[in-house]
Amino acid sequence: MADLWDFNKVNYVGNGNLGTGDGFHYYNPDEIIGGKKMRDWLRFSVAYWHTFDQRLVDPFGDGTAIRPYDKYTDPMDQALAKVDYAFEFYDKLGVDYLAFHDRDLAPEGDTLRETNKNLDKVVDKIVEYQKTSGMKVLWNTANMFTNPRFVSGAATSPYADIFAYSAAQLKHSLEIGKRVGAENYVFWGGREGYESLWNTDMKREQEHAAKIFHLAKDYATEIGFDAQMLLEPKPKEPTTHQYDFDAATTIAFMKEYDLDKDFKLNLEGNHANLAGHTYQHEIRVAREAGLLGSLDANQGDKLIGWDIDEFPSDLYEAVAAMYEVVEDGGIGPHGGLNFDSKPRRSSFEANDLLYAHMVGMDTFAAGLRIATKMKEDHVLENLVTERYSSYDSGIGADIESGKADFKTLEEYSMDKTQADLRNATHSDHLEQVKDTINHYIIDALSK
Ligand code: XLS
Ligand code: NI
Ligand code: NI
């Protein structure tokens with residue numbers, strides 16, 4: 001393979017030399033952790049849009065990124081060249097999956113017919129590379145939010161022509177998903193929400209959203225594209241209010257419109273924070289509903305708040321997320337960790353793309369090691385079992401089995417004294433629990 005990028009293949013160096021950034025310290029792809037190879041637990045994926053297209057703009061400044069394919073000035077030449085860069089990048093980083101939007105890959109033409117032609121050329125090249133590299137597609141999706149035609153939404157646009165166009169775009173995107181063998185297909189409702197309720201028919205818009213999901217699933221079935229369909233919640237940005245607000249809201253929507261058999265969730269760290277939740281909360285809600293599909297790995301910033309798509313480096317948060325994953329036995333049968341993340345605007349060199357993925361991969365690999373050790377030692381499991389043990393017998397068992405009603409519960413409680421009830425509760429010793437977690441973080445990594 002030609003050397004397009006100015007860096008070497010990343011290897012696992014273990015503890016290596018402290019502070020040199022010389023390789024993976026925690027991610028050892030073929031090492032077995034908790035009964036599975038690390039690469040199979042984590043299924044890391046590189047996001048085409050951030051890694052190869054992102055110019056590192058912010059609302060106040062132009063892009064700062066310096067990329068080796070900037071030398072290709074014709075948009076189609078650049079799009080085709082990027083595929084070479086992308087596949088060498090995957091190889092050097094040692095990932096097995098990629099993810100993309102249709103519009104990440106090729107420039108739009110004036111009509112959908114022209115756009116599809118551009119796109120198919122690039123997809124042909126991707127399919128060729130897949131044969132020689134074994135790279136798999138974690139998921140693909142359709143970008144139905146960037147072009148001005150989507151100003152008021154795609155499926156939820158008040159304009160029927162835009163719904164029709166979105167369906168046509170989606171149709172081709174599903175066909176591409178089938179060609180590249182995508183394991184999942186994602187819908188993120190970029191502008192499926194509203195700016196103002198004064199001019200919005202919310203019910204009608206939500207019905208239209210449900211309709212396009214059903215049409216998509218039906219068409220996927222028709223063409224034999226058996227990817228897991230995923231909805232990706234986000235509460236706001238770009239619209240003031242997005243319909244797929246968070247995991248719980250999206251699950252309610254899925255149940256309301258009979259989508260919960262065919263769709264699961266793709267959850268993102270920064271989106272969780274925007275909704276006022278932790279990443280762990282969102283994953284817990286999904287997994288308890290049996291709807292954990294896949295994860296977009298990134299982190300927000302406590303001070304800025306916005307969706308800044310920072311590469312994950314927060315070890316504590318990664319431990320919490322991976323704890324939920326380990327409890328669920330994996331990220332769904334088809335899910336993975338897709339880095340929906342970009343380097344900071346001040347990390348503008350090409351090699352920063354590599355460092356950024358390295359910290360993200362090592363953070364989640366470390367999270368996996370720690371969470372697995374906690375699970376193997378049953379630390380939190382014992383604590384939780386003990387905390388709810390009053391429901392295992394006596395009155396608690398009667399409540400759970402339905403044997404108890406208001407009358408029996410009144411009879412049981414009527415003469416309990418203040419002291420009796422105080423004695424029924426126990427301190428959580430939460431600080432001690434957190435100390436135990438810290439101990440695991442330090443200890444599990446040093447062994
Ligand atoms: C944006 C979303 C987006 C989806 C894919 O905030 O995270 O990147 O993951 O359209
Ligand atoms: Ni996002
Ligand atoms: Ni995302």
Side-chain angles (χ1 to χ4, degrees), residues 43-59 97-105 137-147 150 153-156 166 169-170 173-174 176-177 182-193 209 212-213 216 227-247 250 263-275 277 279 282-283 286 292-301 304-312 317 321 331-332 335-343 356 360 364:
R43 293 156 59 103
F44 289 126
S45 151
V46 172
Y48 214 93
W49 55 104
H50 280 315
T51 299
F52 306 114
D53 297 337
Q54 174 62 242
R55 304 307 305 175
L56 306 180
V57 294
D58 73 14
Y97 293 89
L98 66 139
F100 60 85
H101 301 79
D102 45 7
R103 302 294 167 258
D104 303 344
L105 301 182
V137 172
L138 186 65
W139 50 264
N140 69 314
T141 184
N143 176 331
M144 307 200 297
F145 44 87
T146 300
N147 190 288
F150 301 118
T156 67
S166 305
Q169 181 179 337
L170 260 173
S173 180
L174 293 166
I176 288 170
E183 307 215 358
N184 303 275
Y185 189 88
V186 166
F187 296 86
W188 168 59
R191 293 185 192 274
E192 313 294 33
I212 217 162
F213 295 144
Q228 174 64 54
M229 300 278 152
L230 302 174
L231 301 186
E232 182 177 322
K234 183 175 182 179
K236 55 188 164 203
E237 194 217 306
T239 59
T240 309
H241 181 100
Q242 302 211 169
Y243 294 132
D244 294 339
F245 193 92
D246 60 358
T250 307
F263 287 71
K264 289 187 174 174
L265 298 176
N266 183 43
L267 299 164
E268 181 167 318
N270 206 156
H271 297 184
N273 301 157
L274 288 176
H277 302 308
Y279 201 12
E282 289 293 86
I283 303 172
L292 174 58
S294 197
L295 297 174
D296 269 6
N298 66 19
Q299 68 188 26
D301 186 293
I304 290 181
W306 208 235
D307 191 14
I308 60 163
D309 292 336
E310 185 171 349
F311 268 90
E317 197 167 72
I331 314 173
L337 280 161
N338 172 57
F339 289 109
D340 198 348
S341 310
K342 58 186 179 191
F364 272 90

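Both counts, for ligands and for their atoms, begin at 1 and track the order of listing. All residue numbers refer to positions in the sequence shown, counting from 1.
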Can you list the atoms of ligand 1 that are under 4.0 Å from a heavy atom of [X]?
| X | answer |
| --- | --- |
| D296 | 9 (O) |
| W139 | 5 (C), 9 (O) |
| H101 | 5 (C), 10 (O) |
| D307 | 6 (O) |
| W49 | 8 (O) |
| E232 | 2 (C), 3 (C), 4 (C), 7 (O), 9 (O) |
| K234 | 1 (C), 6 (O) |

(request) Name whichever N, O or S atom of E232 ends up nearest to the Ni ion (ligand 3). (result)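 Considering only N, O and S atoms, E232 comes nearest to the Ni ion (ligand 3) through OE2.
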
Is [Y] close to [X] at the side-chain level, that is, under 4.5 Å between some pair of heavy atoms?
| X | Y | value |
| --- | --- | --- |
| D244 | E192 | no |
| L170 | M144 | yes |
| W306 | E237 | yes |
| L267 | L292 | yes |

(request) Run the contact test for H271 against ligand 1 with a 4.0 Å cut-off on heavy atoms, strictly below, and give the result. (result)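 Yes, that is the case, since the closest heavy atom of the residue is under 4.0 Å from the ligand.
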
(request) Would you please determine whether V186 falls within less than 4.0 Å of ligand 1 on a heavy-atom basis? (result) no

(message) Give me the nearest non-hydrogen protein atom to atom 8 (O) of ligand 1 as residue plus atom name, then the distance to 0.1 Å.
(response)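 The answer is D340 OD2, 2.8 Å.
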
(message) Which residue in the set H50, E310, E268 passes side-chain hydrogen bond (donor to acceptor under 3.5 Å, both in side chains) when paired with N298?
(response)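 Testing each of H50, E310, E268 against N298, the sole residue satisfying side-chain hydrogen bond (donor to acceptor under 3.5 Å, both in side chains) is E268.
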
(request) Could you please compute the angle at the Ni ion (ligand 3) from OD2 of D296 to OE1 of E268, rounded to 10°? (result)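 Result: 100°, to 10°.
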
Looking at [Y], is its backbone amide N or carbonyl O close enough to the side chain of [X] to form a donor-acceptor pair, meaning the two atoms are under 3.5 Å apart?
| X | Y | result |
| --- | --- | --- |
| N270 | D309 | yes |
| N143 | D104 | no |
| H271 | P233 | yes |
| E282 | A247 | yes |

(request) Output yes if D340 passes the N/O/S-under-2.8 Å test against the Ni ion (ligand 2); output no otherwise. (result) no

